[in-house]
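The block underneath contains the structure these notes are about, expressed in C-alpha cells.
Reckoned from all heavy atoms, side chains included, excluding hydrogens, waters and symmetry mates.
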Amino acid sequence: MLDPKSIRLELDSTAIKLRKKNFDLDKDKITGLEHHRKTLQLETESLQNERNLKSKAVGKAKAAGEDVSDILSGMDALKSELDQKKQQLEGLQDQMQGYLLRVPNIPSDDVPEGKDESNNKMIDSWGTPRKFEFEAKDHAELGENLKEGLEFSTATKLTGSRFVVMRGGIARMHRALIQFMLDTHSLEHGYTEFNVPYIVNEASLKGTSQLPKFEEDLFKLHHDPSYYLIPTAEVPLTNMVRGKILQPDSLPLKYTAHTPCFRSEAGSYGKDTKGMIRQHQFEKIELVQIVKPENSEEALEELTSHAEIILQKLELPYQKVILCGGDLGFGSAKTYDLEVWLPSQGMYREISSCSSFTDFQARRMQARWRNPNTGKPELVHTINGSGVAVGRALVAIMENYQEKSGHIRIPAVLKKYMPSMDYLE
RNA sequence: GGAGGGGUGGCAGAGCGGUUUAAUGCACUGGUCUUGAAAACCAGCGAGGGUGAAAGUCCUCCGUCGGUUCGAAUCCGACCUCCUCCGCCA
C-alpha cells in the first residue's frame, strides 16, 4: 500500500507515476472521500474530547461528594451524536482503505515505459543455445516417453487438469534440483533455510498484497477463519517480520525456503495447457530479503544474481529482462525476469521473477526497523524472487539436455544428488 | 479432547472501574564526572493518526471483535493465541 499521506499531498504526481503502470488513480474519489473524512474526523474527535472531559469531571465530583446530575444532563444526546458520527467516519475510512489497498505500487524511475510484455527490455544474456543435430522434442513428449517419467493422465485421474505425476528417476531429479538450490543459497549465498506452513491466514496474504485484490488466484480452504494455500513461499517468508520492529544490526535478513505453490490459474484458460509449464501445484525455491531502504536497490541486484547463479551452474542459457511499467506486478516497484531457453519452443520462458517492493508490503505488514539516526521505527524494504522455479528448471533440463535417443543427460552439479546415474532413460 | 493459568511499550514487568498524561527495571539517547572507559548521578525516551507555519493541541491503541458504563487495560461475552498438567496420536 502507498502512503496515504503522500497520496493526499502529491495526488497529481502520484497519478502520473501510476499511469506508467496502466493504472488510473481515481483522483475525484480520493479527494471527495478525503474531504468528508476531514470534517467528520474533526467533529468526531471534538465530541470524544467533550465526552472525555465530562467523564473526568464526574469522577472528580463524585470523589468530592458533589452532585453530578448537572454534568450528566445532555450526555445521552452527546453519546448518540457521537455514535452516529463515529459510524459514518468508520464507513468512510473503510471505503478509503478499501480503495487504497487496490492501488498498486509506484514503479521505479528506471523502469521502462510500456503497455505490456512486448515492451520489456532484455538487458543481459548468458550461454548459447545448443545446436541440435536432430529435432528437439518438448519436455512433455520426452517425459512421457521415458520408462519412468512424467504421467499427465495419471494426475488427471487423481485430480484434474494442470497436475502431473513424476515417477522414478524424474521424481529423483526434481528432488535433486531442490537440494542443489537450497544448498547453494544457504551455504554459498548466506540465506537462512526455512521450512514453513503451506497454509496461511488472511492477514499474511494481505501483508504481501495477494489480498484483497487477487483472491480468485488463490485456493481457499473450508475453514473459519479463512485459510489459503500459499501461492508462493514469499507469503510465509516475508510475513515472518509482520508487526515487528527490527534492530538495525539484524538487517539484512536473507531467507530461503522450498515449498509447493498453489495457484488457481484463473484467467489463464488456453495458456500453456500442454506439459508442466503452468500447473495448479508446482514447487519453487524462494529468496526473500528484508533490508534497510537505502540498500534495497543493490539487494535486488544481488538477489537476482543469486537466481542467475543457479541457472549458470545448471548450464542453462538464459536472458535477463527488466519488466516495463505495464507488465509489472501489482506490488512491485521493479522486476527482473530470468527467462530460460526452451529449444522446443525456440524461445526464452520465465523461470524466475525478482522484485523490489520498496515499502509497499512493509506498510501493509507494519514491518519496521529502528533507524539509529532518527531513533524512530521506519518501514523496511522487501525484496523477493524465485531461485528458481523447480518444475520449470526440470523442463529446461529435459529439453536442453536431451539426446537423440530421448534420454536426458544429468547436469554435472546434480550428480552428487543422483549418484551412479548419468541419464534418465 | 479434558482441567487450570496467561497475552500490557524494543524487552522484562506492575496496574484489575475515575490524578494512568500506563509505575518500575533493562536497553537506548544526551549530559555531569574521568587521561580514557566502566560505574555512579542527572535528563530524555511507546505506537498510529488528525490539526496547525510552528510551538502546541486533540483523538485512538494494553491479543481480536462485540457488550455493560457518564467513564474500561481493568467488568461481561465470543474468538484467536501461548504456557502447565492429563488423555490420545504420526
Rounded distance [0.5 Å steps], CD in A:Gln402 versus CG in A:Leu424: 12.5 Å
From A:Asn239 atom CG to A:Leu205 atom CG, the distance as rounded to the nearest 0.5 Å: 7.5 Å
Please produce a list of atom pairs where a protein N or O lies less than 3.5 Å from an N or O of nucleotides 66-76 of chain B.
unit_1 : atom_1 : unit_2  : atom_2 : d
B:C70  : O2'    : A:Ser55 : OG     : 3.2
B:C70  : N4     : A:Lys62 : NZ     : 3.3
B:G71  : O4'    : A:Ser55 : OG     : 3.0

For A:Asp217, the side-chain hydrogen bond (donor to acceptor under 3.5 Å, both in side chains) test, sequence neighbours excluded, returns none
Residues at least two apart in sequence or cross-chain that pass side-chain hydrogen bond (donor to acceptor under 3.5 Å, both in side chains) with A:Ser420, listed by chain then number, are none
[M] and [N], which share atom name [atom1], separated by this distance in whole Å:
N	M	atom1	result
B:A40	B:G6	P	35 Å
B:G71	B:G18	C1'	7 Å
B:G31	B:G7	P	39 Å
B:A47	B:A73	C1'	16 Å
B:C42	B:C82	C1'	41 Å
B:A27	B:C61	P	32 Å
B:C83	B:U32	P	48 Å
B:G2	B:G9	P	31 Å

Nearest-Å distance for atom pair [atom1]/[atom2], residues [X] and [N]:
X	N	atom1	atom2	answer
A:Lys376	B:U29	NZ	P	15 Å
A:Leu379	B:A47	CG	C1'	13 Å
A:Ile199	B:C80	CD1	C1'	17 Å
A:Lys60	B:U20	NZ	P	12 Å
A:Asp3	B:G49	CG	C1'	12 Å
A:Arg242	B:U81	CZ	P	13 Å
A:Glu202	B:C79	CD	C1'	15 Å
A:Leu9	B:G49	CG	P	12 Å

Bracket notation of RNA chain B in which parentheses pair within the strand, [ ] cross earlier pairs, and | pairs with another strand (Watson-Crick or G-U, under 3.5 Å): ((((((((.[[[..)..(.....]]].(((((.......))))).((((((....)))))).[[[[[..)....]]]]])))))))....
Could you check whether A:Pro372 gets within reach of a base, just the sugar-phosphate, or nothing at all, counting any heavy atom under 4.0 Å? nothing
With a 4.0 Å cut-off on heavy atoms, is A:Arg8 in touch with a base, just the backbone sugar-phosphate, or nothing at all? sugar-phosphate
Any salt bridge linking A:Lys415 with A:Asp422? Criterion: basic side-chain nitrogen under 4.0 Å from a carboxylate oxygen. yes
Cationic N near anionic O, under 4.0 Å, A:Glu294 to A:Lys292: no
Would you say the ring centers of A:Phe262 and A:Tyr198 fall short of 6.0 Å from each other? no
Throw together a table of side-chain donor-acceptor distances under 3.5 angstrom for residues 85-94 of chain A, partners on residues two or more places apart or in other chains.
unit_1  : atom_1 : unit_2  : atom_2 : d
A:Lys85 : NZ     : A:Glu43 : OE1    : 2.8

Is the distance from OP1 or OP2 of B:C58 to the nearest side-chain N or O of A:Asn49 less than 4.0 Å? no
Interface with RNA chain B, restricted to residues 38-47 of chain A and to heavy atoms under 4.0 Å: A:Lys38, A:Gln41, A:Glu45
